[in-house]
Amino acid sequence: MSMNERYEPQSIESRWQKRWEEAGTFRAGRRPQAEPRYVLEMFPYPSGAMHMGHARVYTIGDALARWLRMRGHDVLHPIGFDALGLPAENAAIKDGRHPAERTAENIVSFRAEMKRLGYAFDWEREVVTADPSYYRWNQWFFVKMLEKGIVYRRQGKANWCTGCLTVIANEQVVEDDKCERCGSPVVEKVIPEWAFRITAYADQLLAGLDGLTAWPDRITTMQRNWIGKSTGAEVDFAVQGSAEKIKVFTTRVDTIFGCTYVVLAPEHPLTAAVTRPERKAEVDAFVARMRKTEAAERTGEGAPKEGVFTGAFAVNPYTGEAVPVWIANFVLAEYGTGAVMSVPAHDQRDFEFARKYGLPIRTVIQPAAGDRTPPGEQLGAATTEDGVTDASGAFSGLPSAAARERLSAHAAQGGFGGPTVRWHLRDWGFSRQRYWGTPIPIIYCPDHGAVPVPVEQLPVKLPPQAIITGTGEPPLAKVPEFVETTCPICAKPSRRETETMDTFVDSAWYYARYLSPKDEAQPFDPALARRWLPIDVYVGGPEHAVMHLLYFRFWHRVMHELGLTAEPEPCKRLVTQGIVNGPDGRKMSKRWGNVVQPGYMVDKFGADTVRLFMLFAAPPEKDIDWSDEQVDGLFRFLSRVWRLFVSRQGCFEAPEAALAQAAGPYLELRRRTHRTIKKVTEGMEADLKFNTGIAALMELVNELQGLEPAADPERAAVREALTALAALLGPFAPHVAEELWHEVVGAAARDRLLADEPWPAFDPALCVADTVSIAVQVNGKLRGEVSAPAAAGEAEVRALAEADEKVKGYLAGKTVKKVVFVPKRLVNFVVAG
RNA sequence: GGCCCUCUGGCGAAACGGUAAACGCGCUCGACUCAAAAUCGAGUGGGGCAACCCCCCGUCCCGGUUCGAGUCCGGGGAGGGCCACCA
């Protein structure tokens with residue numbers, strides 16, 4: 001075959017895409033004897049067209065998947081679409097089209113773009129979450145989890161738009177608590193909702209993080225903070241003149257002797273009960289005002305502390321002292337017990353509040369060393385550090401940590417509290433008053449209440465004839481054919497649940513569905529799960545650190561309990577890729593006019609150049625700016641590679657046996673070739689160092705370019721280099737690599753695909769140079785450089801160094817106290833005098 | 001306020017505690033050309049010097065550990081991210 005003189009990606013890429021597809025090259029499960037590897041990228045939400053961010057994730061995952069394949073693994077590299085969700089529904093409301101129609105179109109466009117980028121996906125496993133054959137299993141999990149008590153019904157808070165008369169999502173609440181669509185005020189409303197008891201897994205989810213050593217620290221840290229375990233104590237304060245008790249939660253029970261008042265959240269159930277009649281009007285007004293204020297504004301840090309006295313007093317069980325009970329905006333009903341003991345001397349919030357309302361401030365912690373803390377009234381701010389208890393009765397003089405233990409134990413003995421643990425993590429409310437989601441499979445029977453749809457009757461399908469207006473009751477409630485049904489137990493006329501599930505449910509377990517995407521009997525095949533799970537490498541954006549990645553881990557644990565998976569964690573290694581910004585360094589956005597479309601760039605430069613750019617610009621986790629100049633440079637690089645193959649075609653006829661005779665620059669070339677293989681291989685193994693691997697390939701090309709092989713040994717060395725180059729390019733620029741490989745193997749092996757070839761091996765003996773340049777330092781400063789045999793020992797190198805004229809000058813008249821020798825790198829003379 | 005990350009040439013970046021700036025971009029000069037583009041070759045951290053010999057300075061700042069620090073430790077600064085009155 002004769003090659004085109006010029007590199008024209010447009011003429012070769014689609015041809016190889018077709019070949020891979022016809023050959024089923026990337027189908028998983030075709031190497032049953034090989035070690036499996038599961039490489040997954042977060043599936044896309046197909047709103048609009050594919051953007052550069054998508055091109056980057058899939059390029060990273062693809063390079064890895066292709067490399068593992070060449071290393072001989074059976075690789076599962078699937079793709080699907082996260083198709084249900086709010087944006088599609090909102091778009092539908094806007095342009096009057098059905099979300100199913102619109103989503104289907106977007107998927108068609110995404111699929112085409114992905115194929116044009118040459119991703120090695122196993123397309124036969126494609127999963128679309130909007131498909132009833134997928135969401136049916138969401139419903140199945142719902143029923144199973146309901147049986148196990150993991151799903152339950154609770155009173156939840158929702159954003160209620162006073163104009164649309166419907167619940168809206170957080171994303172639809174714009175500044176000043178207005179509805180994004182109609183501009184009406186949004187208020188908080190308490191409505192019943194379905195929730196997952198993820199808090200029951202808080203301990204496991206936290207402990208599991210310790211095992212995720214191949215996850216970025218920042219992600220596990222964020223999860224840790226989100227789960228937010230805090231160890232403290234609960235203490236009951238009896239309300240004077242009442243049978244009620246106020247239970248407070250504190251992490252600083254060591255400061256309890258400094259408690260000078262107690263505060264309840266406005267929503268606290270005891271608020272009304274403890275309030276004295278003479279204070280009722282004021283308290284009611286305050287609570288009502290707080291109800292109307294949006295949470296962020298009321299409890300945000302900027303918000304001034306505000307409160308009102310209830311007239312009641314509560315008794316500190318440690319001191320017997322009665323302290324006033326207040327209601328304040330800064331106490332959150334949903335954290336802890338919704339009530340706090342206030343110790344203004346040692347808590348900044350309590351301090352500010354006490355100052356504002358003239359409440360006493362009492363110092364009860366002294367520093368372990370140094371000056372004593374002045375009495376509370378003289379403090380300028382709270383002292384929040386641990387120390388030693390003071391003015392704390394029988395508990396005085398204890399270090400804070402010990403005091404916390406003793407005081408907690410004392411509460412437990414006295415029956416008025418004890419040590420406890422609280423979590424920041426809340427249960428996951430997943431009811432949505434929306435159309436474009438998985439219907440919740442519940443039927444409300446007048447006699448039997450909420451009855452789950454029997455699993456054999458699943459899926460409960462979304463009715464196609466939805467009326468989506470974004471106002472009034474949930475869309476499904478407006479479809480009588482959907483709502484009206486009969487009770488599965490007694491067959492009485494009943495109504496279906498009209499809420500749908502949060503889309504995070506869809507993405508919580510999709511990776512498992514890829515194992516047997518057409519399974520009709522179960523969500524996935526547990527036998528296949530044993531082979532493929534956990535995921536070896538999961539690539540996605542760090543913005544999913546806490547929501548998706550926590551739900552994903554939670555769901556996996558539930559599946560593990562259901563006996564579906566062997567391991568409790570879904571994924572061994574997580575790679576979070578950075579953003580692709582516009583050429584101006586700003587986030588790509590229509591607003592800035594800096595959006596660069598991957599499809600357009602593929603048209604212009606070909607997929608391989610776009611892929612190389614993504615991999616070469618920076619390590620995967622860093623943000624990058626799109627750069628037209630860099631892209632030009634990478635296109636030039638591929639063109640140079642192409643011309644090299646064209647101009648050195650003669651080398652492919654050189655006899656293999658001549659290789660051993662390569663000498664001089666051609667022996668150096670062979671060394672470069674083997675070092676390059678080593679460098680690329682080790683970069684992939686270690687840390688997905690695509691950028692330095694590609695740099696090594698460029699160096700090899702630069703060296704090749706300077707050579708004019710003539711004799712057989714020279715041509716053989718060039719052939720060896722070009723063969724390696726084509727293979728090493730395979731994971732990064734797969735189309736041009738296939739084309740060049742085809743040139744390497746010749747017409748005789750026309751059926752072979754590079755993607756099926758083994759990854760090249762390097763000869764360690766050829767990776768070391770025989771002569772190395774060694775730095776000579778005197779007292780750690782570079783003073784010279786000598787060339788020595790790689791195997792040279794200290795004595796030899798020292799002699800060479802001492803013979804160096806420059807070094808001599810620095811050593812003259814000095815006493816050498818010590819010599820540090822690092823083989824192949826440097827020698828350092830430590831001198832005095 | 002808490003937690004985390006980052007800081008290296010004009011730019012993107014490299015660098016097991018061991019010759020800082022590989023590789024790419026940009027720029028300069030040269031070759032080819034009538035000319036340009038493309039391509040190829042050379043150079044390109046700052047300062048000093050007749051000199052491309054050589055010397056000094058250089059990885060945000062200050063200090064420490066070390067024969068030796070971009071890298072490790074302590075303190076500070078700037079930028080970014082996430083959470084945010086979590087008791």
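Quick note on labels: first sequence line is chain A, next is B, and so on, each numbered from 1. Hydrogens, waters and symmetry mates play no part in the numbers below; they use all other heavy atoms, side chains included.
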Using a 4.0 Å heavy-atom cut-off, does [X] contact any base of the nucleic acid, only the sugar-phosphate backbone, or nothing at all?
| X | value |
| --- | --- |
| Lys689(A) | sugar-phosphate |
| Arg422(A) | nothing |
| Pro619(A) | sugar-phosphate |
| Arg6(A) | nothing |
| Val340(A) | base |
| Thr250(A) | sugar-phosphate |

If you check every side-chain atom of [X], which of [options] has the closest atom?
| X | options | result |
| --- | --- | --- |
| Lys806(A) | C54(B), U19(B), C86(B) | C54(B) |
| Asn828(A) | C67(B), A13(B), C40(B) | C67(B) |
| Phe249(A) | A87(B), G24(B), A14(B) | A87(B) |

I want to check one thing: is the phosphate of [N], taken as OP1 and OP2, less than 4.0 Å away from some side-chain N or O of [X]?
| X | N | answer |
| --- | --- | --- |
| Arg636(A) | C25(B) | yes |
| Asn702(A) | G24(B) | yes |
| Arg349(A) | C86(B) | yes |

Could you check which nucleotide pairs with [N] in any of the strands shown, counting Watson-Crick or G-U wobble with both distances under 3.5 Å?
| N | value |
| --- | --- |
| A22(B) | none |
| C54(B) | G48(B) |
| A15(B) | none |
| C72(B) | G64(B) |
| C7(B) | G77(B) |
| G1(B) | C83(B) |
| C29(B) | G41(B) |

Any N or O donor-acceptor pair under 3.5 Å from the base of [N] to the side chain of [X]?
| X | N | result |
| --- | --- | --- |
| Arg252(A) | A87(B) | no |
| Lys817(A) | C67(B) | no |
| Ser639(A) | U39(B) | no |
| Gln630(A) | G24(B) | yes |

Using the [atom1] atom as the reference point in each nucleotide, state the distance between [N] and [M] in Å, no decimals.
| N | M | atom1 | result |
| --- | --- | --- | --- |
| U44(B) | A21(B) | C1' | 12 Å |
| U66(B) | C60(B) | C1' | 23 Å |
| U59(B) | U6(B) | C1' | 14 Å |
| C85(B) | C5(B) | C1' | 25 Å |
| C57(B) | C3(B) | P | 39 Å |
| A13(B) | C67(B) | C1' | 31 Å |
| U28(B) | A14(B) | C1' | 24 Å |
| U65(B) | G9(B) | C1' | 29 Å |

### Message
Quick check on RNA chain B: between Tyr810(A) and Met341(A), whose nearest nucleotide comes earlier from the 5' end?
### Response
Tyr810(A)
### Query
How do Val820(A) and Phe616(A) order along RNA chain B: which one's closest nucleotide is nearer the 5' end?
Phe616(A)
### Message
Counting only heavy atoms not in Asp623(A) (residues, nucleotides, ligands), do more than 12 fall under 6.0 Å from its CG?
### Response
yes
Taking [atom1] from [X] and [atom2] from [N], how many angstroms apart are they, rounded to a whole number?
| X | N | atom1 | atom2 | answer |
| --- | --- | --- | --- | --- |
| Asp217(A) | G81(B) | CG | P | 20 Å |
| Arg224(A) | G2(B) | CZ | P | 20 Å |
| Gln777(A) | U66(B) | CD | C1' | 12 Å |
| Arg825(A) | A15(B) | CZ | P | 12 Å |
| Met614(A) | A13(B) | CE | P | 15 Å |
| Lys781(A) | U66(B) | NZ | P | 19 Å |
| Leu782(A) | U19(B) | CG | C1' | 5 Å |
| Met698(A) | G12(B) | CE | P | 17 Å |

Thinking salt bridges, do [X] and [Y] make one under a 4.0 Å N-O criterion?
| X | Y | result |
| --- | --- | --- |
| Glu682(A) | Lys678(A) | yes |
| Asp625(A) | Arg586(A) | no |
| Asp770(A) | Arg671(A) | yes |
| Arg672(A) | Glu699(A) | yes |
| Asp347(A) | Lys305(A) | no |
| Lys689(A) | Asp687(A) | no |

### Task
Assess Arg349(A) against Phe330(A): is NZ or CZ under 6.0 Å from the centre of the six-membered ring, and within 45 degrees of the ring's axis?
no
### Task
Just do the salt bridge (Lys or Arg N to Asp or Glu O under 4.0 Å) check on Glu306(A) and Arg289(A) with the steps written out, would you?
CA-CA 11 Å; Glu306(A) 278 190 90; Arg289(A) 188 155 61 81; 2.9 Å; yes
### Base orientation of G74(B), syn vs anti, 90° cut from 0
anti
